[in-house]
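Report on the following structure.
Keep in mind that this is a model prediction, so the values were computed, not measured. The chains referred to below are lettered A, B, ... by the order of the sequence lines, with proteins before strands, and numbering in each begins at 1.
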2 protein chains.
Amino acid sequence: METRYAYVARLLTEAIAGGRHPIGSVLPNEFELAEQFAVSRSTVRAAMRELQASGLVSRKRNAGTRVEALTPQRSGGGFTQALESIEAVQRFGVETERHVQRVAEVVADDALARDLGCRPGRRWLRISSLRMIPGDATKTPICWTDVYIDDAFAREVRSRMDGHRDIFGTLVEKISGRRFSEIRQDIRAVGVSHDMAEPLKATPGAHALAIRRQYLFSSNEMAEVSLSIHPADRYSYTTRLMRKDSERE
Amino acid sequence: METRYAYVARLLTEAIAGGRHPIGSVLPNEFELAEQFAVSRSTVRAAMRELQASGLVSRKRNAGTRVEALTPQRSGGGFTQALESIEAVQRFGVETERHVQRVAEVVADDALARDLGCRPGRRWLRISSLRMIPGDATKTPICWTDVYIDDAFAREVRSRMDGHRDIFGTLVEKISGRRFSEIRQDIRAVGVSHDMAEPLKATPGAHALAIRRQYLFSSNEMAEVSLSIHPADRYSYTTRLMRKDSERE
DNA sequence: TGTTATATTATGTTCGTACATATTAATATG
DNA sequence: CATATTAATATGTACGAACATAATATAACA
């Protein structure tokens with residue numbers, strides 16, 4: 001038999017998916033829900049824990065329970081990929097080090113705006129760098145990366161980037177005092193362009209992976225974008241998706 | 001101030017990390033722990049929920065709480081990607097339909113074994129197909145896919161594949177009565193080969209994404225592998241990684 | 001001996017109560 | 001009018017009790 005909290009969780013999930021509670025709206029409080037469903041507050045809280053775990057709602061003291069998504073973001077039955085840190089998103093199998101080539105402030109023209117997924121005219125700090133394996137005698141770069149950081153953080157980033165060996169995303173989080181809530185990633189097949197062929201030690205037109213990563217704060221504000229070019233023979237993007245059940249047997 | 005359940009969770013986490021409770025051992029039951037820490041059973045259960053969420057322990061009725069790992073496996077702060085189903089792994093933005101081109105039983109030679117990640121000599125049922133957008137007048141395929149299914153399921157798959165519109169993975173799960181526990185995915189940049197240029201309506205050597213997906217029952221039982229070739233102009237692989245935290249602000 | 005009832009056990013569910021705490025809204029104060 | 005104080009509010013923490021359920025161990029029985 002379906003437990004009562006599972007029943008409450010299911011009804012609420014269906015109501016949210018069905019549009020009864022649009023994103024951003026606030027659910028009735030726990031006591032009201034308890035009365036509506038004729039269960040105790042503890043049962044409502046157990047149901048809420050499920051909704052929260054699946055990413056449907058967020059909760060805050062006295063602000064109530066707000067709907068964040070219409071469908072489960074972190075489900076139980078499907079597959080999940082877990083990355084323990086921002087760095088892990090990059091998934092280089094090996095240790096790499098960054099060699100900064102150029103730093104410049106740029107304004108997005110139409111082409112760049114399309115590449116980055118921002119509006120034309122937006123101002124960015126661009127940091128271009130190569131990634132290498134430390135101690136590699138051939139000095140063959142793994143990839144070329146252009147990191148675009150919101151102009152608002154440009155001065156701080158410029159002054160602190162030298163002492164910073166981590167990925168730039170962590171630096172932006174440190175400077176802004178905020179945390180990224182989402183990373184959008186886009187992988188395409190491209191050819192190595194003429195400009196990049198030489199620094200990458202590849203032939204122009206050679207097969208390569210182009211990876212775009214957009215780093216967003218909670219309000220859908222894009223604070224950073226990175227564009228990487230990986231020649232095909234040096235990199236493949238690997239993920240392991242695990243079925244997630246925490247119950248035993 | 002540290003809450004009591006957080007205190008209990010911390011002590012238990014430290015005790016596990018410190019080797020006091022080796023992997024596979026069973027913790028004292030909830031009533032005993034409640035007495036040890038001088039808290040109520042509810043508080044112990046709240047602490048247990050934390051340990052379970054971080055992957056340190058698993059629990060089963062009457063079998064108790066067993067230690068599964070010494071350090072947190074799913075810590076907060078990282079990012080996760082959630083796929084609701086096996087199909088979602090493919091992440092075509094649009095509805096697509098499969099057009100089977102060839103079906104054959106094959107034995108992996110050295111080259112194929114390397115491509116699939118299996119041992120040479122293993123027998124597979126290979127199903128080659130094109131994926132199209134229904135109603136597309138130009139009939140331009142999205143991708144070419146070779147699906148390799150374990151020989152053991154070959155006969156069943158052959159007889160049931162016509163009535164099956166879903167991805168083959170679900171068919172294999174249905175036939176075997178087992179569920180995949182892991183999908184390994186590998187994305188590389190390649191050129192369209194001469195054989196595939198014509199069916200894909202692409203020029204030989206054109207930039208393309210090659211995606212290999214290995215479907216595993218357990219960590220060493222690979223039941224299915226798929227190799228897809230996506231011409232660059234028709235597909236990009238997109239993922240959204242969400243921060244795990246569900247607290248607000 | 002093998003199979004079927006029965007008791008035991010540890011976690012799971014549900015209730016109710018009480019107080020804590022963070023945030024917002026209302027009110028009083030300078 | 002701006003600021004400090006207070007009240008109201010919704011979630012968070014903590015307790016204790018009772019019963020449910022699944023798995024295991026034990027006893028009863030043929």
| task | Using a strict 4.0 Å threshold on nitrogen-to-oxygen distance, state whether A:D150 and A:R122 make a salt bridge. | result | yes
| query | For A:M48 and D:dT13, what is the distance between atoms CE and P respectively, to the nearest whole Å? | reply | 15 Å
| message | I'd like to know if A:E105 and A:R158 make a salt bridge, using a cut-off of under 4.0 Å between side-chain N and carboxylate O. | response | yes
| request: Return the value, rounded to whole Å, for the distance between atom CG of B:L33 and atom C1' of C:dT11. | output: 12 Å
| request: Remember a base hit wins even if backbone is also touched, and classify B:T3 as base, sugar-phosphate or nothing at under 4.0 Å, heavy atoms. | output: sugar-phosphate
| said: By nearest atom, which of the nucleotides D:dT21, C:dG16, C:dT13 is closest to the A:S42 side chain? | reply: C:dG16
| Test item: A:R98 side-chain N/O and A:D166 main-chain N/O as donor-acceptor pair under 3.5 Å | yes
| field | Rounded distance in Å - CG (A:L27) to C1' (D:dT11) | value | 13 Å
| Within the distance-only criterion (no hydrogens, no angle test), does the side chain of A:R126 pair as donor or acceptor with the backbone N or O of A:D146 below 3.5 angstrom? | no
| message | Distance check needed: D:dG12 C1' versus B:R4 CZ, whole Å only. | response | 15 Å
| message | Nearest whole Å is fine: how far is C:dT14 P from A:R49 CZ? | response | 12 Å
| request: Kindly point out which of C:dT13, D:dT13, D:dA22 is positioned nearest to the side chain of A:R41? | output: D:dT13
| query | At under 4.0 Å, does any side-chain N or O of B:T43 touch on OP1 or OP2 of D:dT13? | reply | no
| query | When we call it a touch if two heavy atoms are under 4.0 Å apart, what does A:S40 touch: a base, just sugar-phosphate, or nothing? | reply | base
| Which residue lies more 5' along DNA chain C, comparing A:A46 with A:F31 via nearest heavy atoms | A:A46
| message | Is B:R45 close enough to C:dG12 that one of its side-chain N or O atoms is under 4.0 Å from OP1 or OP2 there? | response | yes
| task | Please state how far atom CZ in A:R59 lies from atom P in D:dT13, giving the value in whole angstrom units. | result | 11 Å
| message | Applying a 4.0 Å non-hydrogen cut-off, can you work out what B:Y5 is touching in the nucleic acid: base, sugar-phosphate, or nothing? | response | sugar-phosphate
| task | Check the side chains of B:T96 and B:R131 for a donor-acceptor pair under 3.5 angstrom, ignoring hydrogens and angles. | result | yes
| message | Side chain of B:N29 only, heavy atoms from C-beta on: which candidate in C:dA10, D:dT11, C:dC15 is closest? | response | C:dA10
| Side chain of A:E30: nearest nucleotide among D:dT24, D:dG12, C:dT11? | D:dG12
| Nucleotide D:dT11, atom C1' - distance to CZ of A:R66 in whole Å | 15 Å
| B:N62 has an atom CG; how far is it from atom C1' of C:dA10, in whole Å? | 5 Å
